Every structure is written in C-alpha cells, then in structure tokens.
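Owing to the predicted nature of the structure, the values given are computational and were not obtained by experimental measurement. Here is the naming used below: chain letters follow the sequence lines, and residue numbers restart at 1 for every chain.
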Protein chains: 2
Amino acid sequence: MGVKTLTNVRPWGAAPVDIVMSGGAISAVEAAGSAAPRGEPIDGRGLLALPGFINAHAHVDKSWWGQPWVSYGGDNTTAGRIAHERAERGALGIPSPNSTAAVLREFLRHGTTAVRSHVDVDLGVGLRGIEVVREAVEALGDRLELEVVAFPQDGVVRRDGVLKLLDEAAAAGATSIGGIDPCSIDRDPVAQLDGLFDIAVRRGVGIDIHIHDRGELGAFQYELVAERVRANGLRGKVTISHGFALGELPAARQRELLDRFAEAGIGWATVAPPGTAPLPWRGMRERGIPVGLGTDGIRDLWSPFGDGDILLVAQNFARLHGQRGDADLAYVVELATSRAAGYVHRDIHDLVAGARADIVLLDAENVADALTRCPRRAMVIAGGTVAAVDGELTF
Amino acid sequence: MGVKTLTNVRPWGAAPVDIVMSGGAISAVEAAGSAAPRGEPIDGRGLLALPGFINAHAHVDKSWWGQPWVSYGGDNTTAGRIAHERAERGALGIPSPNSTAAVLREFLRHGTTAVRSHVDVDLGVGLRGIEVVREAVEALGDRLELEVVAFPQDGVVRRDGVLKLLDEAAAAGATSIGGIDPCSIDRDPVAQLDGLFDIAVRRGVGIDIHIHDRGELGAFQYELVAERVRANGLRGKVTISHGFALGELPAARQRELLDRFAEAGIGWATVAPPGTAPLPWRGMRERGIPVGLGTDGIRDLWSPFGDGDILLVAQNFARLHGQRGDADLAYVVELATSRAAGYVHRDIHDLVAGARADIVLLDAENVADALTRCPRRAMVIAGGTVAAVDGELTF
C-alpha cells in the first residue's frame, strides 16, 4: 500500500490536521497544511475524525443479513433461543460465508474496522463456523480485522466433546475461548470454569464468557471467574460479556465486585440493551476496568434488531446511563474506539502515528454532536484504504 | 395542488399498488399498472410504503437544532432541569422560529409528517412560544401538520397566572393544554387537575399531562385524572405522557389501572427511554388504549440525544418490550403511524383513499425489516408533495 495523506480533518474535534498513512498504518499527524501532502491526497474537508469503531461483542456467524426476512419463533428465554437456533440454523444455511461477509460489510459501512466475534463451536457445526468466518473476513481483504472467540453457545460440560472442540479451536488460532452461564446452562459452574481455564492456561489464550444469570446467581459466577483468574495468573486476559446482574446489585455489593474485577484485570463487554439495569460505569472508569461495546447478534435467531452501527450502540449506552456532560459523552465514544483496543489485541487504536489507519469521518461539530445524532458516515478509511463514502461501501 | 400518481409501491409490504394523490390527499389506491397514471407520475420503484410517521410527543420550541453545540449542566432531576432551562434558554435565543423550523425539517427528513408538540407556556415566555412554533410550521408550507399542547413546564398552580395563560392559549387555538406532575411539582394535585379540567371543559380542548412521578405516587395521579375524565365527560380527550410508574407496578395493579384507562378512554404517550420499565403493552392493546410514540425534546436543555427519527423510537420501543414476532413488530410501526391518528386529530391516517397523502418509502422487504434496520428514507411525500429523497430534504 502506497503513501496517502488525509488532509484537513479534526481528530476528536480538535484543530485541523493532516494524517499521513503508509503501509496501512498512520505514519504522521501534522497541523493541517504544515507540509505538502505526501503520496495520494484524500480531502477531509474539515470533517470530524474518529478512530474506526471496535465492535467488542458480535456473533457474525449467526446472521442471515442480506437474505430474505425470517420470522421469529422459540421460547423467549436463553434456553428457548438456544434450542430454537439449533433446530432452525441448518435450514437457513447458517453458518454461511456469504451472510457473514454481508454482516461484516454492514459493520464496515458504519465505520467498524475491528471486531471481536463469538463464533459458535458445538457438536453440530464443530469448528466449521470459525472457518466460515475466516473465509468471510478474507473476502473483505485487509479492510476489517476480526478476532475469534470460540463460543460454546450450546453449553460446555453438559455436552461431551465440547471442551475438546474448544481446545482444538485454541490450538487452531482462536485468540480466546468462550463460555456460557456455568450455573443455569451447564448446571455445574466449577466444572465449566475449571475446564475453560485449563485450556486457557495450556494454550495461552484468553477467555470471554457470556453470563446472563441475574442477581446473586450472576455475582457468584463473577466471583468464581475472578478467583480463577488470580489462581491461574490470567490477569488482563478475561472478559465477562453481558453480565446483566452487575447493574442490578446494591451499590455496596457492586463496589466489592468492581474491586475484585480491577484486581484481576477482568474486562466487561456490553451491548447496552434498553431493558437492563445501568452499569456502575463511574466505578468501572475510576478503577480502570475495561468496558467494550458490541452489537451482539443482528438479524439472527436471537434478535432481529440492529444494523451493526457501534456509534448507535454507544448512544444507547449513554442514554441508558443518563450521560449528558461533554466529558462523559466523549468517554462513551472512547469506549467504542480507543479504549477498546485490547478487545482486538491492539496496543494502540487512535489517530496517532503507529496506529492502524482506521479512520471515520463525520459531518459533526464535535464528539458529543456525533454521538447524539449518529449522522451518516462521510468516509470510512480501513487499514489506509477508503472503504465507504457517504454511508455506502466503495467496493 | 395538481393530481399525481405514485406508481409501484408496496403498502405495508403488500402487493404493488399505484397511489393517486389529489389536493394533498390520497384519492385512489389501485393495483399497480391497472390504470394509466393520472397527472404527474412519481416512480415508487417497488419500494415499501408506510404512512408518514406521527410524532405524538415532541417539544419543538425548546431545541437549538442547527446551532452550535451547547454543553449540559443543571441537576440531573426534573426540578433541576426545569430550573436550568429557565436560567439558560434566554441566552440561547429559545424559543426561536429558526431553530424550531430546523427541528421540524429534521423530523420531516426522516418521514414524520404530523406532530403533537408541547410548547412551553409560562410567566417568562407567556404565549410567545406558540407563536414561534406556528411561524416555524408556516415556514415549512403545508408539508408538516402540527398540533399544539400549551405546556406549563414550570408548574401550574405554584405559579400565579399560569392557569390564565393556559386558558388564553386554549382560547387562541391550542387543541390541548398540558400539565406536569401535580404532586411533585405543584405539590397540590387536586388544585392543578381541577384547574386544567375546568379550562378543558369550558374551552372544549383536550388535556395531555406529563406525569414523571414513580410508583404509587404516579398511580395515584393516574387515578385522579381518570376520575376527572369521567366526571367531566372528557372521554377520549385526555393523554398521559411518559407515565413512568405504569411499567413499574405489579401486574394486578397494572390491570386495575388499565381497566380505568380503557373506561375513561385515556391514551398514553411514550418516548420509550432505555432505562425505564416496559409498559404492559399487551394489556393496553387488548383494551384498545391508544399508545403514541414521540421523540420528546431533542438537542435541548433536557436531553442532547436524538435526531427526530420516529422509526428509530419505534425500534427502541420494540427492543425495550422484547417484541420479535412479525405481528408484534408490525403493531409497533402502526403505533408510529396509522394508530396514532388521534394524537393529531385525524379520523384516518393510512395508505387509503381519503387520508392525507403522507407517504414514506423505504428500501425494505417488509415492515419488520424496516423497523429492525431503520434504513434511510428513500422518499418522503407530505401532503401530496415530495419533501425528501434519500434522506435529504428537497427544499
């Protein structure tokens, strides 16, 4: 990839700069017009510039995005949806490289340039979902980076052979393995968690575990996770996804748990669903507990909603938490971008030299204006290449 | 306005039709191609057609949409926001015909063609806000219809002279008068409600009252309202806005209240905020209790969020209530369109002969697809005139 210069953009709403890109990375950020553009110039027209959005919790293997509408069925419970999905996905051709590519293209159109996606691993599909997702990412070239979490949606120890599949997935390059409700799904929290941590230690991978269980049942499982993170020296390598219970607990109990998360370096991933209790986000921010924002599944057997726009997820997060002040609104956009670097194994993700050249331009006055309106993306640059203009992909 | 024919559109996702428009109204709906287009043809390209969206709860006088960003302050309480707004609005030039017109243009861009807007009436601005809003609506020609609720944001009986202002507003053509938290703001629920109902009876106007109070304090005020609707024969003329308490009450208590609402013909208006308890929507639907969807204020001293897209409010409503089935998703879109006719005093609002020619075209397979993705509006026709194309206004 040759040298390009994105001229006259306002990073995070600051004074205009020129961003020099080389080999897919940002090589320099200079005051606008301070030097002649190097290589191919791209006119930033004074637009607001943000780092590419990071989707920290997706399920890109489950969706039939781009295919005809499918009506919803199944019991409205986690167990009911799992059963419904097992029963229907084959008929819908899931997992499919084409549908997964279609979802990723929709993500990219809205400015998402890096994704952590859970990918179903179970006795039915084995590891095929992971191959399907890798195939779809390849089909998009280097535009979007995706990290795979091998996800045992259908349970771990309640299904003989799933731990072995997770171990094979880790050996085959999945950067994390997943888990799901050790209590309510597997009915044996110690067996599931010990099995997952054994694989994580032996294979040197991370763990990103779905915990939907509410109230103290959820909190109990957070504690079991934290104990094992400490015992196995996996600080900074474990994420709890959804974790609906945390927001429901009394403030004192929340503080106790947040202290344990901070000590264990446990991160959080949320999709900020409207019906759930707000997270203790101030306490998480004070303690440096990572919070990643994700879309969860879109247009799949779990939910029909969403178009993969992480900026809109960030707006929903801010609305759910009653954030209004400029600093708090900017913080939420950082959760969707720079602060989410760790969810896709990046040391740095920002509009600075050394970072991947993932840049989103919006016709907005400042960061708060962009978050509260979610305007169409004027331009999406992914790995130094223009991927979308005015909300439409260029390829 | 001359005759026009919108050809080849799929009303509510049904088989393609041609919609003949004359004098701003729909004069005929015929199978596509069954007759030669009359008057000026507009190519509907087989797109999904929905009736124009109805915003049943807005505050178009409060916003500074289109002006530079304003940072947020004030206590994060209803009382704190009222005080903050009184202190700041003058410096921001609120109310302003230009800002109000800018908000209405943003509504229209997303397909909203009729609005019920609360407009502040208080000892500071008097009735000027109503004049400002009427001026802004005129500036948009006949494209968008707006109904005014004279709204005592700063309290009713706690401010001498406000009841007189509301009476003058009703005499001057406001179709409804508002109220706000008779208990927590005025501290005298009977005095506020008796004052409002006296005006409503004498002037023949409706009442649309903001009740934010939670739990049984909210429920008590719903009961006081229902008692006065019955006593004064105002069946079908009273709306409760927000009503956060309803979703929080035990199911038995909810049923008791819903029966009273149904008996009194009391309607509901909600903006489906993410942090609030879901409404008992099934019970409301069964009893024929109207539910209107609104944006509340956007970009004002109460909230920075939103762009006035009622379809996105409908999606948030569906997400908050866990609606997934096709019929339930279609019901939510009906709340945003045909079922909201009464909120803007229309006998009918649908894609049928006799209705105002308010039509939104979307590139979507069916109603559920449109609701769950909220795609850009391909075309907005308001009162028989093309007002927006591909999400941008044509004027």
Side-chain angles (χ1 to χ4, degrees), chain A residues 13 65-74 76-77 81 84 106 247 271-278 296 298-309 312 315-329 364-376 390-392, chain B residues 13 65-74 76-77 81 84 106 247 271-278 296 298-309 312 315-329 364-376 390-392:
Chain A
W65 192 270
Q67 294 183 42
W69 177 258
V70 176
S71 300
Y72 284 76
N76 196 5
T77 62
R81 297 232 175 79
H84 181 62
E106 188 68 10
V271 303
T276 55
D296 215 355
I298 62 173
R299 190 62 62 102
D300 62 22
L301 286 158
W302 288 71
S303 167
F305 298 108
D307 64 357
D309 185 355
L312 186 57
Q315 185 189 106
N316 290 339
F317 182 95
R319 288 165 60 98
L320 179 63
H321 294 90
Q323 290 151 321
R324 280 186 169 72
D326 292 354
D328 291 342
L329 295 174
E365 178 183 351
N366 55 32
V367 176
D369 180 34
L371 177 67
T372 54
R373 281 194 299 123
C374 291
R376 189 187 311 171
D390 287 336
E392 302 301 334
Chain B
W65 192 271
Q67 294 184 40
W69 177 258
V70 176
S71 300
Y72 284 76
N76 196 5
T77 63
R81 296 233 175 77
H84 181 61
E106 187 69 10
V271 303
T276 54
D296 214 356
I298 63 173
R299 190 61 63 100
D300 62 21
L301 286 158
W302 288 70
S303 166
F305 298 109
D307 64 357
D309 184 355
L312 186 56
Q315 184 189 106
N316 290 339
F317 182 95
R319 289 165 60 100
L320 179 63
H321 294 91
Q323 290 151 321
R324 280 186 169 70
D326 292 355
D328 291 342
L329 295 174
E365 180 183 351
N366 55 33
V367 176
D369 180 33
L371 177 68
T372 53
R373 281 193 299 122
C374 292
R376 189 187 309 170
D390 286 337
E392 302 300 335

Top of [options] for chain B proximity - count of heavy-atom pairs under 4.5 angstrom:
{"options": "A/N316, A/L320, A/I298, A/D328", "result": "A/L320"}
{"options": "A/A318, A/P278, A/A272", "result": "A/A318"}
{"options": "A/E106, A/H321, A/Q315", "result": "A/Q315"}

**Message:** I'd like to check the side chain to side chain donor-acceptor pair (under 3.5 Å) partners of A/S71; sequence neighbours left out, ordered by chain and number.
**Reply:**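 A/S71 satisfies side chain to side chain donor-acceptor pair (under 3.5 Å) with B/D326 only.
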
Side chain, backbone, both or neither of [X] within contact of chain B (heavy atoms, under 4.5 Å):
{"X": "A/W302", "answer": "backbone"}
{"X": "A/L312", "answer": "side chain"}
{"X": "A/P304", "answer": "both"}
{"X": "A/P68", "answer": "both"}
{"X": "A/D369", "answer": "both"}

**Item:** side chain to side chain contact (heavy atoms under 4.5 Å, CB included) against B/P273, all qualifying residues, sequence neighbours excluded
**Value:** B/F244, B/T270, B/V271, B/T276

**Asked** So, B/R376 and B/E392, do they make that salt bridge, N to O below 4.0 Å?
**Response**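 No, this pair does not count.
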
**Asked** Between A/D307 and A/W65, what is the shortest heavy-atom contact and its length?
**Response** CA-CH2, 3.8 Å

**Donor-acceptor side-chain pairing of B/R299 and A/T372 below 3.5 angstrom** =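 Looking only at side-chain atoms, A/T372 and B/R299 do form a donor-acceptor pair, the distance falling under 3.5 Å.
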
**Message:** Let me confirm one number: the CZ-CG distance from A/R324 to B/L301, rounded to the nearest 0.5 Å.
**Reply:**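 If I round to the nearest 0.5 Å, the distance is 10.5 Å.
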
